[in-house]
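Heads up, the thing below is written out as structure tokens.
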Amino acid sequence: MAHDAAADAALSPLQQVAGDFSADKNAFSVPWGKAMMWIFLLSDTFIFTCFLTSYMNVRMSTTTPWPFPSEVFALHMFGQDIPLILIAIMTFVLITSSGTMAMAVNYGYRRHKRNTVLLMVATAALGATFVSMQAFEWTKLIMEGARPWENPWGAPQFGSAFFMITGFHGLHVSAGVIYLLVVANRVRKGFYDKRGSYEMVEIAGLYWHFVDLVWVFIFAFFYLW
Amino acid sequence: MSQAEGQQHPIKIYLWIWLLLFVLSTFSYLVDFYHLQGYLRWSLIIIFMLLKAGFIVAIFMHMAWERLALKFAILIPPLCLLILIGFMAVEGDYTFFTRGAAFLH
């Protein structure tokens, strides 16, 4: 874990990589839980990319016009149809939850328990808000006749891509809300004080930021494209 | 280095990134709102998307402060996905043209 700072600084970054991988020690100078979370997120990146790539593939190959997301996801508010407004609000909610999570990690490392718990609960609440809005969106689309095999607006593949991609992402958010509440409760009870490390808060934060990261790609490729 | 006690940075930097992500999201929403079309639309969407993704990974997930070994291990493997994306784009194009040809005759 500890690097001889002076000797290390004398090496070029690539020599540091060679040293980290070849020396008889830990390759990654981070807690093992953090390295494992990163590797899990890497595998999740592959899963979501497969979803988005297969969605793009069916969208390119269909001869029926693709439904226009801007209109499908419009909401009737203030006497007019506002395009994508719910999706935009969901995006801002998720970004805000990422901001509160980043600050929770920071307060955790400063051993400021009260702020850490409050910010994590706020993050979980914003996540739950996001999932509720997604449930509203699903309900609205299903009422309008969207199914995994057909829909009233165009190419039938739209439904299967929509339900699979947003469903899998929503599942990640829901799992994240539970995960955050469990970790927040442990912070509250002083579990990490006894252990002497708040790295678990940062690891939970990595998962949460990843959920936000995936949404950035879904927002761009599914809703805006 | 503060590696052993974890990542500690001023709160201010998170608030700035938060604001920046808000602005970038607003920009990508405006791309749709003003009905920009074609390559202008697609390139703006991808630019805003990559900027947002980059700031989340670099600052919120602290990748900017990690050692190069971890950066390489996590950021290089996803590049393989570019090959999948390229193959599937070619495949989708081909399927579209064969469908077109089959439905016409």
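Please read all numbers here as calculations on a predicted model, not as lab measurements. To find a chain, count down the sequence lines: A is the first, B the second, and so on, and within it residues start at 1.
Between A:Phe222 and A:Tyr55, the ring center distance clears the sub-6.0 Å criterion.
Residue contact with chain B, scored on non-hydrogen atoms closer than 4.5 Å, involves the backbone and the side chain of A:Ser70 alike. Heavy atoms of B:Leu15 lying under 4.5 Å from chain A belong exclusively to its side chain. Contacts of A:Asn106 with chain B are made by side-chain atoms alone, with heavy-atom separations under 4.5 Å and no backbone atom involved. Neither the backbone nor the side chain of A:Glu199 comes within less than 4.5 Å of any heavy atom in chain B. Looking at A:Val105, the atoms closer than 4.5 Å to chain B (heavy atoms on both sides) all sit in the side chain, from C-beta outward. If you measure heavy-atom distances from A:Tyr198 to chain B, you find no contacts under 4.5 Å at all. Contacts of A:Ala220 with chain B are made by both backbone and side-chain atoms, with heavy-atom separations under 4.5 Å. For chain A, the nearby parts of B:Phe60 are the backbone and the side chain; heavy atoms of each come within less than 4.5 Å.
Highest contact tally toward chain B, considering only A:Phe21, A:Phe217, A:Phe210, A:Tyr107, is held by A:Phe217 [criterion: heavy-atom pairs under 4.5 Å]. For the set B:Phe22, B:Tyr14, B:Phe97, the entry with the most heavy-atom pairs within less than 4.5 Å of chain A is B:Phe22. Counting heavy-atom pairs closer than 4.5 Å to chain A, the top-ranked of the candidates B:Leu21, B:Val57, B:Ile85, B:Ile56 is B:Ile56. Most heavy-atom pairs under 4.5 Å with chain B, from the set A:Leu52, A:Leu84, A:Leu14: that is A:Leu84. Contact count against chain B (heavy-atom pairs under 4.5 Å) is highest for A:Ala102 among A:Ala102, A:Ser197, A:Gly205. In terms of heavy-atom pairs under 4.5 Å with chain B, the best-connected choice from A:Ile39, A:Thr62, A:Leu41 is A:Thr62. Of all the listed residues (B:Leu70, B:Leu75, B:Leu81, B:Thr26), the one sharing the greatest number of non-hydrogen pairs under 4.5 Å with chain A is B:Leu81. Contact count versus chain B (heavy atoms, under 4.5 Å) is highest, among A:Ser98, A:Pro13, A:Ala88, A:Ala18, for A:Ser98. Highest contact tally toward chain A, considering only B:Asp93, B:Thr98, B:Leu68, is held by B:Leu68 [criterion: heavy-atom pairs under 4.5 Å]. Annotation: maximal heavy-atom pairing with chain A below 4.5 Å, among B:Leu24, B:Val31, B:Ile46, occurs at B:Ile46.
A 6.0 Å sphere centred on CZ of A:Phe92 holds more than 12 heavy atoms belonging to other residues, nucleotides or ligands. Applying the 6.0 Å contact sphere to CZ of A:Arg111 captures more than 12 heavy atoms from other residues, nucleotides or ligands. Summarising the local packing, CZ of B:Phe87 is surrounded by 12 or fewer heavy atoms from other residues, nucleotides or ligands at distances under 6.0 Å. More than 12 heavy atoms of other residues, nucleotides or ligands lie within 6.0 Å of CZ in A:Phe40, so this atom counts as buried by the packing criterion. The 12-atom threshold is not exceeded at CZ of B:Phe27, counting heavy atoms of other residues, nucleotides or ligands nearer than 6.0 Å.
Using cut-offs of 30° and 60° for the angle between ring planes, the A:Phe158 and A:Trp153 rings count as perpendicular. Between A:Phe51 and A:Phe48, the two ring planes are perpendicular [angle over 60°; tilted spans 30° to 60°]. Ring orientation note: the planes of A:Phe73 and A:Phe162 are tilted relative to one another, at an angle of 30° to 60°.
Remark: the A:His169 side chain and the A:Gln134 side chain contain no N/O donor-acceptor pair separated by less than 3.5 Å.
Just one of A:Leu94, A:Val211, A:Val177, A:Thr96 meets the side-chain contact (heavy atoms from CB on, under 4.5 Å) condition when paired with A:Phe130; it is A:Leu94.
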